[in-house]
Every structure is written in structure tokens, then in C-alpha cells.
Amino acid sequence: MEYKDTLNLPRTDFAMKADLVMREPQRLEKWTSAKLYEKIQAARACKEKFVLHDGPPFANGDVHVGTALNKILKDIIIKYQTLRGKSAPYIPGWDCHGLPIEFKVSQEMRKAGETNADAATIRKACDVYARKYIDLQRTQFKRLGVLGDWDHPYLTLNKEYEADELRLFADIVAKGFVYRGKKPVYWSIPCRTALAEAEVEYADHVSQSVFVKFPVVGQLKTFIVIWTTTPWTLPANLAVAYNEKLQYVAATVGDEKFILFRGLLPAMAEKCGWTNYTETPLSLEDLSQLKYKHPFCNRISRAYPADFVTSDTGTGFVHIAPGHGLDDYNLGRANSLPIYSPVNDDGALAYSNELPVEQQMPAEMVGKSILEKHGKSDANEAVLHELRVRHALLHQENYHHSYPHCWRSKTPIIFRAMDQWFIKIDHDKFREQAVAEIDRVKWIPDWGVNRIKGAVQSRPDWCISRQRTWGVPIPAFYDPKGEPMLDAQIVRNAADLIEKHGSNVWFEKSAAELWSLVKPKDWNGAEAVAKSNDTLDVWIDSGSSSRAVLMRRKEFFKSEIGNRKSEMDWQADVYLEGSDQHRGWFQSSLLLSLAGNGAAPFKTVLTHGFMVDADREKISKSKQGAYEKPQTAEAYVKKYGADVVRLWVASQDYRSDIVVSEERINKVGETYRGIRNALRYQLSNLYDFDPAKHSVPDDQLTGLDRWILGEFAKLEAEVLAAYDQYEFHVVYQKLSQFIAVELSSVYHDVIKDRLYTDAANSPRRRSTQTALHRLVSGLCQMLAPILAFTADEAWEFIPGKPTGSVHESEFKQCTLSLDPDEIGKWVWLKQWREKILPELEKARQAKTIGKALDAKVEFVVPQVQWQLSDSELLRELVNVSALKITAGETDSLVVSKADGQKCERCWHWKTDIGQNTEHPTICGRCVEAVN
RNA sequence: AGGCGUGUAGCUCAGUUGGUUAGAGCAUGCGCUUGAUAAGCGCAGGGUCACUGGUUCAACUCCAGUCACGCCUACCA
């Protein structure tokens, strides 16, 4: 007789090999056709809400691994909250407007020979372009296992969104936040537009720095020495600034005198080759009376004290052009200087009406371009030439520094004062309110609060107008005098119009038509004669989502559909983005929501770090060329499968940098296999188990099963706490270590004997199967937020599973806990196990035994502190054939070859083999089982 | 340049209010098993806790500074 056939050996169709790349798309298909997301939402409709609001990625290009990380983290949260029984809808969004798309589209149109497209045509092409990438990214996000309302995302280009954005804007206009001002803004010359702070990136740059002589009025051959790295701003010079805390001197070199900060004189002397010079100190009064003649313009200016003048570089005198820098602007305003910016939209020097023409730059300079080509610009060259001709150039050298660049054209930006719309941050103590509101929000990690506070406290007024076509129009008009008109009611009417026709209507209709459509009934102001062609900063788009999404989508309403219980019910529970969004979306959302809705749009803000490579160096999206493989989500999903990518995301503490490397993902793949095998082992031993018929009540479970369930209950508590605190790496560590230690190396190993050799329906085997059933159900659920595909796949194999998909299920905590006696016993058992295992290893090394079942263990303990059943438990725990404990004084532990013969069926060494004539080669226990 | 972070075994993480030889899992090496088998079990090796200095009887833990990396900011005139 083949006794192997009488064993209850494991069997399952849950494959050992994951084949994720092949299997996941099939499961995805299944989810879609079963309308899984909709089913889950319907089932949770009346449950407590959990609102995670998606920050919209930009609708351009493939999904980057960093973007994938963000989406996966959000999905883990959503799936976890759903598992806990909450209603956690996920409404993805896309940021659709903006320069990158317009840039691409314009390029394509130029290539196609369309050079004279009007705004409406360009906008239509941009719309098509954005939607194309939304579709692409949607497919890639779905492939990651992210469940959500993918058929109804929010898009900032939707007319309903645009209308709500304008309504929020109208509220802010009505409250007096918005003003027209002439201030220096970042200007991109190739893009011909003002830029927001967030559209500026810093890059190394070599500037031509010059030391220039400014002749002092009334003192022959005496000069103030200034330093600048932007010679083209010299035509706009209207002052110099000095620091009252520094000691200035007049250095006499030959027959010339140079005034500068004493501390920088030696460096200056070295640059200019001054070997013999004398210095005379200047008093504060001397400085305050300094007047100078502009080196090449016909005007006289003076020196002003200013704190921002530093002593480390330059000369201690700062060249001030109020139209070309923020400090310069402030100093100019404080001293009633004109905000003079003699530069046109093309980035060329030009006369401006701020000063009489005769006081402006020489005619030869007009029209010279500031834009650098190969490190040189015509404007700089023209100014340098003029300085040389006039012997005003003391020294010239290259200066390496980090300088702001346009994020699109990658060219150095310029500061340029021009008329723009601004949101006044200090309006009605708004900045203080914003800071106070920040304290009401929970920031994770907690240092985020410093980041955003710093950003809000130091930020200048918000320049919100853009001279671009692909954006939401600013519904402003011009009166016959050319004065701009921005009125809240007009904006609201425009919003209604745009809600009906889309924002293209603003570009398609004439000013007169628009005016007749949006003019308020009780209007008594001037009549409009022209419309504004400016669009809103894209940060207003995404920053308005509190109004356009949180307050709009019924799925997010916290009480019965369509009704809100309280004023604050619209606030999201969580926003989750990269830490760069402290200056970006977190801030724009906060400011707009506070100004327009009266509160921050979020209760908790979670932040994750950035992707770095194996050497912890950044991998930026624009530097992909430097890497062999594109850093797209797809590249990794295609190779490892989404679940391994998801496990990798969960495995790391995302609050600091996230290492993305092949090595790391491979390691995670190993962990994945460990988890999968554990699930497979559990499932494979439940093939004949029906929980409805065979479940054993807690108090009748064997000690071993009670122990593992007790451990499991502790694990659950820890894992849930980690999920609640968004510490998914702790979830990963706890789960993978539990599976490796408590399960794989102890419990799973030990229970093989009873599962395989006990009679199929024996109480002991059913007890263990009851435990396994609870373990595998609980594990699948705890893993489900992370291993979205695999947990669901395993779930399908669980007998008597309560729901079709694990993602529909509700988590029920394991309540079993051991009583104090049991706990004490297990401490004792584990201590002895730790002692016995090394002895078994020694016996193995000595070739006394092979596997543990070949062994007999005998040891002596000082007093009787065990019961017979406990020694049997310990025997099981170390998996030997015999274990004998005796009371005595000596502390001995002996491992020897087990007595008797090896049972052919259970492989235990037993002394009762041969007693049964029908089954002469198996032990008594097996005889019973076989019969 | 400034602000905010990060830096513990090859990898990912623990390390409670400073207190014995710094832990875990994975990976590696060596063995065992062959009734989870492209699986399972055991044992072993592996760390100047980024660096330097200080406080203390005692520091991975507190303080100061340095270095590296990341994010952010900046008018470098």
C-alpha cells in the first residue's frame, strides 16, 4: 500500500509562479467588467466618508515613476480606508492648461506650416493634445492597480471646472484681493510671458560681471564703484545702495579716487592691479550726500542706505534698477523713484515713457536683445561697448552662479516691471490669517509646517496674469481711456457664459459681443471697448479645486447625498503630494480656499520625498537622457508587474528620499515571493475545509493554533496602527517579518505533521485549518491595499469568502487573546525551543541525525514546571520524534538518534511500529488515521 | 548663499525619557530536507551607528561644527 496516498497533502490552483505581467491585466479586465469601483462605492454609500483629494498631474508625457509612487500611495490609503468600512471615493484629476502644452502645440503647428493660427485655433489644438495625454496616463495609472472613477475625472479644462474657478476668483476679486500693478516679474523672453515662481528653475549660469565707475557729482575724478552681473540693466539704473553698517573708503589710485566698502578693497585692488593706493574713510554723512552722474545716460542719481547690501561680493555698492529687481523695486518705491523698465515684450532694450527720452539710453542701444546666445547678448555687448568707450569699465570677469531659468525654454529669465494682475497677500491681514490657518492643519511629517509657513511668510504678492492663450481667460475689459476693468459681477457673468460654451468663447467672440453678454444689468461704470487677452496663472487652476471639485462632487459630501451637515463638511481629509508642493499646490490651494471659501481645503497634508537613484542622486524628469532606461512607471511595470512596484513603494519610508534601483526592486521581488508562497501554503491546506461546517470555536482550538492567532491579533493591531499613521513601510516590515518568522519558520513548519498525517476530519486538523483560514483571510485583507492584485487573486481561493473581491470586504479584527497562563507557558516554550534548535544543528553537523524528526531530545529542568501536554507541544515545536523532560538538579540537554523505527507514513520514529498486523510498517497514530 | 530635511550591516527598516557584547527581515556563505520542491528548515559571517569635537560615570541617542545628498528659497545687484 502506498501510504503517501493516505496523507492530506496540500493542493491548490493558486500558482507558485506569479506571472504578474501576464496575470494582472486579466484581473484588471475583470475589475472593469464587474464595475468593481462602482460596486464598492454603492456598498459604502451610507458609510462614514473619507475624502482624499487628488492633486492633478500635468497632462503631458508618460507617467514617471515618481508620479506612479504618488498615485500608488494615494491608492493604498483609499483601499485601506475602504477596507475599514469607510466610503472613500477616488476622483482623479488632471492639470490641463499651461505653457508646456502650448509650447509643444505651437511647435507642431509651426512644423506643419501653420504660422498664423489665432488663439481659438491654438486652444483647440491644445485641448486635443491634453486629452490625448490624459488618455495615455489614465491607462498607465489604471495598470498600477489604482481604482477610481476613471470615467469621470476632474479636468481643469472642463467648462464646469473653469466656471467654478472663475466664481472662486470672483469672490476673491469682490473681497478686494486683486489689483493691477507694475512690478518686476519673472519674464521669459522666448515664451513672451510672465512666469510664476513655480515656473522658474535654478540652473548654473555664467554671467558677465562688471565693475563700473559712476562719476561722483562735484568731486573731480572720483567714482562710486558698483558691481553687476547683468550689464543690460545699467540703462535702467536710477540709484545705488550702500549699507550703513559697513565702513566705506575712498581709495586713491594715481589721480583717481574710488569709493567702495573697505573690506572689499583688497580684492578689488587685486582684480584691477592696483599696487600703490591710499585709503581715506568716509562718514555716513559723506555717503548720504553722494550724487553721481549715470555713466552713459544724461541723468543724476544718488545713493541710499539699504540693509540688503552684503559685504561678501561686489563693492559694497549695489546698482539699483527699480524696474528690474524686487529689492530695487522696494527701494525705488520707498524713495519715489520711477519704476523704470526700458525693455519691451521681445526682450529688447527700448525707450519707456517713465522718463523723458533725453534722459534715457543712447539711441544705439535701443532694440538690442537681452536674450543670450552662446553666453553673449547684444544688449550686454552694447552696454559694455559704451562703458569702454567712456572709460567707465574698471574690470570685467566671468561670474559662475545659480540663476533662475524659464522651465520651458531653459533660457535665463529677466526681471522686468510691467502691468500685471496681482493677488495682494497682505490684504486685510490675510498673510497672518494664512499662517494661523496653517496651524490648524496637520502636517505629516511635522516639519512640513515650517516649510509652508516659511513659504507663505516670505512670499511676495502673487502675480496671476499670463500673456498666454492656453489657459482660463481673465474676464477683464478696458475702458475708452485704456484703463483695465475687473469686476466681480462681470467675472461671475463670464463664468456662467463659460460654463455654457467653454472658455474658448472668450477668444472667439469680439470684445463688443462679450461685453453685451456679461455686462451687469445695473452697470453704471464706463463702457468696455476692448477685452483682456491675459490668462490666469495655472496655479489658480489647480488651486481652485476646493471649489470646483471638493464642493461640487456629490461623492465627497459627508452627509446624505446633496446635503451638508456643517459649513466645513467640504474639507478634504487628506492631500498627498511631493514636498515641492509646499510652494506649489498646497500653497495655492490654501491661499485660494482661505481667501474664497474662508478655510483651508485640507485637514491633513501628507508629503513624500523625491526619487533618487542607487547613489542617492536625484533622477529628474527632464534628465532622462542620462539614464539607460526611461524612468517611466511603465518600464518597471512591464518588467516586474504592478504589485512588485506597489510593494516597493510600500517598502520605503517615503517621507525622505525614495531610492529607485534595480537592486532594490529585485529584493522586493524576493519578499513578494515569500509572501505569495506563504499564502499559497495556507490556501493549499484548506482545499477540504468549509468554514461553515468545520470551524472550531476559539476555546476548543489547540494551544498551538491559539498561540499563532494570538500573535496574529498583535500583528493586526500593529499593522492597522501603521496604516492609520500612513507608515506603510512599517506595514511592510511587520507583515513580511511575521510571514518569515512566526509563520514560515515556526507555525507552517510545525503544522505540516498534523495537517498531512492526522485524519482529514480530526479535531486537531480542523483546529489548525480554522486558524489557517483566519490567517489567510486576514493576511489577504491586510495586504490588499498594497498587493492589490495578488491579495485579490489569493482571496478568490479562500473557501467561504464573504465577498467576491477582497477590495469589497470589510476588515474584522482578530479578537483572540491568550490568557496569562498561556502567555507564561509560551514564554517558557519559546525559550526551550531557542535552546534546542542549536543542539539539533550540532547533531546534524555530527551526522547523528539528518532532519529533526530523526532526533530524540532529553533534558532536565530544576523542578517540575510543565505538564505532559506541554512537553508534547514542545516536541511539536521543535519537530522531533521524541522529547523527554525530567526533573532534577543538573542542567543537561541531550540530542540523540530517536528510538524505534521510522513510520513509513508519518516519518516519525516510533516504538509501536509492527504492532498492527494489517499495517506492520506504520505507527499506532497512523493506523488510526488510516482507518 | 540661506531655510528645511536625511545619513544605523550589501538592501529596506527598528532602536523607547542617554545605561550592559547595536536589533529584525531580506540578500550572501555553509549544511539539512526532498510529502509547500524553480519551494521549506537550521547555522554562520557581516556594523569606527557619515565625520570631528564637546557635555556626562556612560552617547547611535544630548550640544556644536564639518561633509555628502535631497527639497525649497534667493535681489546676488
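Just so you know, these numbers come straight off a predicted model, no measurement behind them. Throughout, protein chains are lettered first and strands after them, A, B, ... in sequence-line order, and every chain is numbered starting at 1. Because only heavy atoms are used, hydrogens play no part in the values below, and waters and symmetry mates are left out as well, while side chains stay in.
Atom C1' of B/G53 sits at a distance of 23 Å from the matching atom of B/G47, rounded to the whole Å. Between B/A74 and B/A27, the two C1' atoms lie 45 Å apart (nearest whole Å).
Across all strands shown, A/D653 has heavy atoms under 4.0 Å from sugar-phosphate atoms exclusively, and none from any base. Across all strands, A/W227 comes closer than 4.0 Å to base atoms (heavy-atom distances). Residue contacts for A/R451: at a heavy-atom cut-off of 4.0 Å it reaches a base atom on one of the strands shown.
For the ring pair (Phe, Tyr, Trp, His ring centres under 6.0 Å) test, residues two or more places apart in sequence or in another chain that qualify with A/F689 are A/H694, A/H773. Contacts of A/E397 classified as side chain to side chain contact (heavy atoms under 4.5 Å, CB included), with partners at least two apart in sequence or in another chain: A/S209, A/F211, A/K271, A/H395. Under the rule for a side chain to side chain contact (heavy atoms under 4.5 Å, CB included), the partners of A/Q396 that lie at least two apart in sequence or sit in another chain are A/Q208, A/V210, A/L384, A/R388, A/L393. In this view, A/D439 and A/K453 satisfy the salt bridge (Lys or Arg N to Asp or Glu O under 4.0 Å) rule, not counting sequence neighbours. In this structure, the ring pair (Phe, Tyr, Trp, His ring centres under 6.0 Å) partners of A/F797, at least two apart in sequence or on a different chain, are A/F14. Residues forming a ring pair (Phe, Tyr, Trp, His ring centres under 6.0 Å) with A/W909 (at least two apart in sequence, or on another chain): none. Residues satisfying the ring pair (Phe, Tyr, Trp, His ring centres under 6.0 Å) test with A/F415, not counting sequence neighbours, are A/Y186. Taking A/E670 as the reference, A/R673 meet the side chain to side chain contact (heavy atoms under 4.5 Å, CB included) condition, with sequence neighbours excluded. With sequence neighbours left out, A/R655 forms a side-chain hydrogen bond (donor to acceptor under 3.5 Å, both in side chains) with A/D653, A/E727.
Relative to the side chain of A/L326, the nucleotides B/C75, B/G40, B/G10 differ in distance, and B/C75 lies closest.
Each of A/E670 and A/F415 was assigned the nucleotide of RNA chain B with the nearest heavy atom; the assignment lying further toward the 5' end belongs to A/E670.
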Please tabulate, one pair per line, each protein N/O and nucleotide N/O from nucleotides 66-68 of chain B that are separated by under 3.5 Å, including the distance.
none

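For A/R583, no side-chain nitrogen or oxygen approaches OP1 or OP2 of B/C4 to under 4.0 Å. Here A/S656 does not reach the OP1 or OP2 of B/G70: none of its side-chain N or O atoms lies under 4.0 Å away. The side chain of A/S579 places no N or O atom within less than 4.0 Å of a non-bridging phosphate oxygen (OP1 or OP2) of B/G70.
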Exercise. Encode nucleotides 30-35 of chain B as B, S and - characters from 5' to 3', where the letter depends on protein heavy atoms closer than 4.0 Å: B to the base, S only to sugar-phosphate, - to neither.
Key: --SSSB
Quiz item: How does RNA chain B read in dot-bracket, base by base from 5' to 3', with Watson-Crick or G-U pairs under 3.5 Å and | used when the partner is on another strand?
Solution: (((((((..((((.....[...)))).(((((.......))))).....(((((..]....))))))))))))....
